[in-house]
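Everything below concerns the one structure shown next.
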Amino acid sequence: MKIHTIYSDHGFPSLFSSQILPTSLPIQFYSLSLSLSLSLSLSLSFSLTHFRKQTEKFGEEMWEKLRASAEVQDAFMTYTVYDDVITIKLIQEACKVLDVSMEAILKLFGEYFFKFCKMSGYDRMLRTLGGSLTEFIENLDALHSYLALSYQEMNAPSFRVEGGADGAMLLHYYSDRSGLCHIVPGIIEAVAKDFFDTDVTMSILDMNEEVERTGKKEHVVFLVVQKARRQTKRAEANRPHNSEDIHTDQELPQDGYLSWNELSLSLCLGPFRDAFQPVYPERLWIEGEVFCNAFPFHLVFDEALRVKQAGVNIQKYIPGLLTQKFGIDEYFSLIHPQVTFSISSICKFINSQFVLKARREMMPRAWKSQPTLKLRGQMIWMDSLECMIFMCSPKLCSLQELEESKMHLSDIAPHDTTRDLILLNQQRLAEMELSRQLEEKKEELRILSKHLAIEKKKTETLLYAMLPEHVANQLKEGKKVAAGEFETCTILFSDVVTFTNICAVCEPIQIVNMLNSMYSKFDRLTSVHEVYKVETIGDAYMVVGGVPVPVESHAQKVANFALGMRISAEEVMNPVTGEPIQIRVGIHTGPVLAGVVGDKMPRYCLFGDTVNTASRMESHGLPNKVHLSPTAYRALENKGFDIVKRGEIEVKGKGKMTTYFLIQNLNATEDEIMGRTTALTHPKGKNSLLSRNRVTRPGTVLGSAASDEATPAGSPVAGQDSTDAADGQPSPDQTKTSFLASGSVPSALCVVL
């Protein structure tokens, strides 16, 4: 079964517009109703943008939860047919989420759907269907038939009303879609209360498969009980005035008597208004030939379904209808309502609109290639003649169908409004096609906009990986980024021991894989400890704490990061020896100047002697050791770190300095240092330098939760001056090529602060 996106399975047109939420019902129910109206009612009639505009009032989160759990798409096109599977999925998920029975959800949807149709501008159309609830229901099929001119795939139900005991009413509901009958009470009760000031209760008397109708159809019989009519101002305004009303509404003459004209008017119009009695002629003043020409599309047949009379145009397009003496059921099939072609079945649906379709096998051979004739109209039973007359017109929706049927407007009687409907519907179909195209373009733009937002996010992520976020935002806005002075920060340098020797004996791809594995682990740690990655050149890795966002705990953050680097390096293998690589780490604390350099591929650079000193701490360090300068030691002193004194060493370009080695964080476990969400068991060995099972105590400085995304990368560092000497002795990496100037004189780019 299919769902069309324009009209509901229960008889009401739908074009979504702004809603007003009554306060008497939970917002979850209205969120659900709006959600179901996207698939239940054939009214998925707006793009995602419009839909989101509406669901802001009714619970976007609830709809998204239902949509995700039901695994349905997030946008529905107006003129598209959707499968009933979407409906069933949404209902089932709503029952689970809201803990409400399916019957209650469907009934609530019916109530909301009626309110929605009123607020969508269909109030007047619905009110004109009938003066009572019975007339309203009896004319629903006629409304569906009219709407089917424009929406030919609409699969509407059918309604039939019977009188019951004690003034009750039996409502027969027929539908191709099983399981949705509980929407009907919600709609009918809302209609009765709003249009007819009547309280209605409905209960199901019987539910089965309709044997009369073709296929397996659902047939539900409702008992409808109407309670006492409520007195409202609208009821008083709609009630016809009688003669007493006229007397009370008008002032009497001063003498208390009415004039003769006024008295005559009241005596004549009063009874005429209250009880109209039609006058019928003693005989029909029209000739048979004139009647058949005036009504060119009509049929008269008896209880045996033998055709007794036919309009001239029906005879023209159905040759032999009167001469061959065949039954009408041999020339036509009854396609609406789908009942057996018999007088008794037709009488059950006498208030419905009937559609007959000519059988192709009864048409002349030359006509079998063209569309078969369809007739739509009203069945009227004539007791005196014991015959049924079918007053009808060709069922045509557009000028194209008129041409394909080899017909012309002149074949339709001038008084038949089918002429006007064809012309008006032609314009309507053109408007619908334009609306469909516009909606498709709108949906395409929505999808493109969504993809653009995703790509923009990727671009911003890449940009923020190169520059600090606030710097990148200023550059995007076309602003100049002023250099900033930071009174204190902590800089870290690291490199791989014997990296030059490794490069000499390995393939380039092996070097790339080794560095990528190591740097990926380091990058994750920058997010854990909230430090800024400035640069990587070769095997050198540089981070800073307290820049570009100043923080008091910058030294602790960098120290914890260094400890994490040392642990991570144990997981990276030397491609030459197959053993874990060894790294040297140097840390120094001091002032720097930071700013953006360059217009093409701008870089965020750090300037100052602090950069040079931090590089010296790394180059004069020892394998698998974190080397601290005196200022870095003072920044970490009494902060919960285990630090040992190395002693006084000769530092190239700096003279003698007393330096230190960072051993471990006494207040943090290895899992906390590494940012692991769950505790992992690691074998203890000589390289395990952390207290792995300690409980975190106040004063521990750790970053946020671990992230797999790389911290933004920086730019080449100005002011770094490395050397291969440590403790006055050559470094183990004897052949390593320095990537910055060496010697006792600082680099030309270094700004000494």
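Just so you know, these numbers use all the heavy atoms, side chains as well, and skip hydrogens, waters and symmetry mates.
A distance of 5.0 Å separates CD1 in I643 from CG in L636, rounded to the nearest 0.5 Å. A distance of 12.5 Å separates CG in N516 from CD1 in I511, rounded to the nearest 0.5 Å. Within the model, atoms NZ of K476 and CD of E460 stand 4.0 Å from one another, a figure rounded to the nearest 0.5 Å. Here CE of M617 is found 5.0 Å from NE2 of H627. Values are rounded to the nearest 0.5 Å. Taking CG of N665 as the start and CG of N560 as the end, the distance is 5.0 Å to the nearest 0.5 Å. Interatomic distance, I649 CD1 to M657 CE, rounded to the nearest 0.5 Å: 7.5 Å.
Scanning both residues, P580 and A569, for their nearest heavy atoms gives CB-O, 4.1 Å. Taking every heavy atom of both residues into account, I587 and A562 meet most closely at CD1-CB, 3.9 Å. Between Y532 and P548, the shortest heavy-atom contact is CG-CD, 3.9 Å. Heavy-atom minimum distance, K480 versus Q474: O-OE1, 4.0 Å. For the pair V547 and A594, the tightest heavy-atom approach, listed with the atom from each and the gap, is CG1-CB, 4.2 Å. Of all non-hydrogen atoms in L492 and M565, the two that sit nearest each other are CD2-SD, 3.7 Å.
The shortest side-chain heavy-atom distance between N612 and K654 falls under the 4.5 Å cut-off. V534 has its side chain out of reach of V543: every pair of non-hydrogen atoms, C-beta onward, lies at least 4.5 Å apart. In this structure, T459 and L462 have side chains that are not in contact, with every pair of non-hydrogen atoms separated by 4.5 Å or more. Within the 4.5 Å cutoff, side-chain heavy atoms of L475 are placed close to those of P602. The shortest distance between side-chain heavy atoms of C95 and I91 falls below 4.5 Å. Residues T659 and H620 form no side-chain contact, since every pair of their non-hydrogen atoms from C-beta on lies 4.5 Å or further apart. The shortest distance between side-chain heavy atoms of K450 and I447 does not fall below 4.5 Å. Considering only heavy atoms from C-beta on, I567 comes within 4.5 Å of M674 through its side chain.
Classification of the F561-Y541 ring pair by plane angle, with boundaries at 30° and 60°, yields parallel. In this structure, Y112 and F116 have parallel ring planes: the angle between them is below the 30° cut-off, well short of the 60° mark.
Under a 3.5 Å cut-off, the side chain of S629 and the backbone N or O of A632 do form a donor-acceptor pair. Of the possible donor and acceptor atoms, one in the side chain of H529 sits under 3.5 Å from a partner among the backbone N and O of I673. Under the 3.5 Å distance criterion, the side-chain polar atoms of T490 are left unmatched by any main-chain donor or acceptor of T589. Put simply, the side chain of T610 gets close to the backbone of P591: a donor and an acceptor are under 3.5 Å apart. Between the side chain of S517 and the backbone N or O of N513, no donor-acceptor pair lies under 3.5 Å.
Residues satisfying the salt bridge (Lys or Arg N to Asp or Glu O under 4.0 Å) test with K479, not counting sequence neighbours, are E477. When the side chain to side chain donor-acceptor pair (under 3.5 Å) test is applied to S568, no partner is found at least two apart in sequence or on another chain. Scored by the side chain to side chain donor-acceptor pair (under 3.5 Å) test, Q510 finds no partners at all (sequence neighbours excluded). Looking at residues two or more places apart in sequence or on another chain, you find a side-chain contact (heavy atoms from CB on, under 4.5 Å) between A614 and I491, F493, H588. Scored by the ring pair (Phe, Tyr, Trp, His ring centres under 6.0 Å) test, Y660 finds Y633 as partners (sequence neighbours excluded). For E455, the salt bridge (Lys or Arg N to Asp or Glu O under 4.0 Å) partners are K458, not counting sequence neighbours. The side chain to side chain donor-acceptor pair (under 3.5 Å) check on N473 picks up Y464, with sequence neighbours excluded. Residues satisfying the salt bridge (Lys or Arg N to Asp or Glu O under 4.0 Å) test with E637, not counting sequence neighbours, are none. K656 is linked by a side-chain contact (heavy atoms from CB on, under 4.5 Å) to E648, E650, counting only residues two or more places apart in sequence or in another chain. Qualifying salt bridge (Lys or Arg N to Asp or Glu O under 4.0 Å) partners for K89, counting only residues two or more places apart in sequence or in other chains: none. For E93, the side chain to side chain donor-acceptor pair (under 3.5 Å) partners two or more places apart in sequence, or in a different chain, are S69.
For residues 509-521, the set of pairs meeting the salt bridge (Lys or Arg N to Asp or Glu O under 4.0 Å) definition, not counting sequence neighbours, comprises K521-E571.
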For this session: Run the numbers on M542 and T536 for side-chain contact (heavy atoms from CB on, under 4.5 Å), then give the verdict.
Result: CA-CA 6 Å; M542 176 185 178; T536 57; over 6 Å; no
Problem set entry | From CA spacing to verdict: side-chain contact (heavy atoms from CB on, under 4.5 Å), N667, K639 | CA-CA 9 Å; N667 297 329; K639 296 295 175 63; over 6 Å; no
For this session: Might you work through the side-chain contact (heavy atoms from CB on, under 4.5 Å) test for L622 and N624, ending with a clear yes or no?
Result: CA-CA 6 Å; L622 298 178; N624 284 340; over 6 Å; no
For this session: Please report the C-alpha distance between L563 and L662 in whole Å, then the side-chain angles of each, then the deciding distance to 0.1 Å, and finally whether the side-chain contact (heavy atoms from CB on, under 4.5 Å) criterion is met.
Result: CA-CA 8 Å; L563 295 174; L662 174 65; 4.0 Å; yes
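Among V505, T498, I581, the one residue that satisfies the side-chain contact (heavy atoms from CB on, under 4.5 Å) test with V576 is V505.
A salt bridge does not link R584 to D539: none of the charged nitrogens lies less than 4.0 Å from a carboxylate oxygen.
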